[in-house]
Visitor: 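Provided herewith is a single structure, encoded as structure tokens, for subsequent inquiry.
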Amino acid sequence: KEKVEITKEQKALTKVIVEAYNRHQIPQDVAKKLLQDQYSVEENFLLLTEMATSQVQVIVEFTKSIPGFLSLDHEDQIALLKGSAVEAMFLRSAQVFSKKMPNGHNGILEERIRKSGISEEFITPMFNFYKSIIGLHMSLEEQALLTAITILTPDRPYVKDHQAVEKLQEPMLDVLRKVCVLQHPQEPQYFARLLGRLTELRTLTHYHAEMLTSWRMNDHKFTPLLCEIWDVQ
Ligand SMILES: CC(C)NC(=O)n1c(-c2ccccc2)cc2c1CN(S(=O)(=O)c1cccs1)CC2
């Protein structure tokens with residue numbers, strides 16, 4: 001049985017990533033708003049716009065705290081953010097959704113999201129993904145490291161210096177693998193299952209692009225930040 005040892009450097013890296021992840025949480029009041037009294041489809045949509053916009057700001061700050069990210073080529077920094085924003089949003093959504101809310105609140109949250117103008121064909125894969133993430137019972141370290149790994153994906157469109165991004169992503173993958181072994185000793189394939197979720201995430205990005213088109217058909221407005229990060233309007 002391989003003795004898994006987390007080095008001093010890996011402990012330090014994990015600490016930086018988890019602290020950044022904790023520091024940049026969506027203001028709970030925004031999430032709480034979704035749970036207040038009756039909302040119309042329009043108001044639910046506006047709330048999701050607000051939540052997604054604040055999430056993009058959160059992700060940008062989190063990414064800037066990843067050691068080495070700010071030393072990457074500036075255009076590559078933008079390419080990584082634009083390429084991972086939707087995946088990071090779905091990951092974060094699953095984590096918000098998995099938060100134990102006062103009983104029944106999850107049902108209300110699900111209800112509001114289902115009644116926000118998103119067509120059924122996207123709702124199902126989205127909630128299946130949330131449920132598959134919740135089922136993994138990820139620790140905070142795993143959530144934070146997986147988010148950083150998603151952002152540091154070298155093969156995003158328009159990334160020029162793949163090598164430089166790989167050099168940042170690899171240490172994260174190494175420490176995530178060890179954290180998974182230490183935190184889920186009874187599940188040797190846990191790390192592989194986590195990375196499998198990243199593949200599922202990519203399919204959601206495809207759905208998301210279609211969602212945007214259908215929303216724009218019936219003239220839904222997004223914030224300038226969402227338009228910028230999603231290349232719409
Ligand atoms: C926590 C934040 C990041 N989640 C969020 O904003 N959600 C959530 C969600 C999921 C679980 C718990 C709480 C919220 C569901 C959806 C979104 C956003 N998108 S969106 O970005 O495509 C969108 C933007 C504007 C109109 S639609 C649609 C689907």
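Order of listing sets the numbers, starting from 1, for every ligand and every atom in it. This structure is a prediction, so every number in the text was calculated from the model and none was measured.
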Visitor: Between M51 and ligand 1, which residue portion shows a heavy-atom distance shorter than 4.0 Å: side chain, backbone, both, or neither?
Guide: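 Answer for M51: both.
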Visitor: If the threshold is 4.0 Å, N to carboxylate O, is there a salt bridge linking K82 and E228?
Guide: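 Answer for the salt bridge query: no.
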Visitor: Do S139 and E142 get their side chains close enough for a donor-acceptor pair, meaning under 3.5 Å?
Guide: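 Looking only at side-chain atoms, E142 and S139 do form a donor-acceptor pair, the distance falling under 3.5 Å.
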Visitor: For H208 and ligand 1, does the shortest N/O to N/O distance drop below 3.5 Å?
Guide: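 Yes, at least one N or O pair falls under 3.5 Å.
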Visitor: Should the pair R92 and Y21 be classed as cation-pi, given the thresholds of under 6.0 Å to the six-membered ring centre and 45° from the axis?
Guide: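 Positive - R92 is close enough to the ring of Y21 and near enough to its axis.
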Visitor: Has ligand 1 got any nitrogen or oxygen that is less than 3.5 angstrom from a nitrogen or oxygen of R92?
Guide: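 In this structure, R92 places no N or O atom under 3.5 Å from an N or O of ligand 1.
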Visitor: Is the ring pair W230/H208 parallel, tilted or perpendicular, if the boundaries are 30 and 60 degrees?
Guide: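 If you compare the ring of W230 with that of H208, the planes turn out perpendicular.
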Visitor: With a 4.0 Å cut-off on heavy atoms, is W230 in contact with ligand 1?
Guide: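 Judged by the 4.0 Å heavy-atom criterion, W230 does count as contacting ligand 1.
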Visitor: Output all residues satisfying side chain to side chain contact (heavy atoms under 4.5 Å, CB included) with L46, sequence neighbours left out; order by chain, then residue number.
Guide: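 Scan of L46 (side chain to side chain contact (heavy atoms under 4.5 Å, CB included), adjacent residues dropped) gives none.
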Visitor: Taking the six-membered ring of F127, is the NZ or CZ of R114 close enough (under 6.0 Å from the centre) and on axis enough (within 45°)?
Guide: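 Yes, R114 and F127 form such a contact.
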Visitor: Check for me whether F222 has a heavy atom closer than 4.0 Å to any atom of ligand 1.
Guide: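 Yes, F222 has heavy atoms under 4.0 Å from ligand 1.
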Visitor: Determine whether any heavy atom of M126 lies closer than 4.0 Å to an atom of ligand 1.
Guide: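 Yes, M126 has a heavy atom closer than 4.0 Å to ligand 1.
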Visitor: With heavy atoms under 4.0 Å as the rule, classify the contact between I118 and ligand 1 as side chain, backbone, both or neither.
Guide: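 For I118, only side-chain atoms sit under 4.0 Å from ligand 1.
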Visitor: Answer with side chain, backbone, both or neither: which part of T49 has a heavy atom less than 4.0 angstrom from an atom of ligand 1?
Guide: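 Near ligand 1, T49 shows its backbone as well as its side chain.
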Visitor: Which of the numbered atoms in ligand 1 are under 4.0 angstrom from any heavy atom belonging to Q55?
Guide: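 Matching atoms, with element in brackets: 3 (C).
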Visitor: How long is the straight-line distance from CG of L91 back to CG of L201, given to the nearest 0.5 Å?
Guide: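 Separation between the atoms: 4.5 Å.
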Visitor: Below 4.0 angstrom from a heavy atom of A52, which ligand 1 atoms are there? Numbered from 1 as shown, please.
Guide: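 Those qualifying, in numeric order: 6 (O), 21 (O), 24 (C).
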Visitor: Measure centre to centre between the rings of F129 and Y207, then say whether the value is under 6.0 Å.
Guide: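 No, the ring of F129 stays outside the 6.0 Å limit from the ring of Y207, centre to centre.
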Visitor: Who's closest to atom 16 (C) of ligand 1 heavy-atom-wise, of L46, L48, L109?
Guide: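 When every heavy atom of L46, L48, L109 is considered, L48 comes closest to atom 16 (C) of ligand 1.
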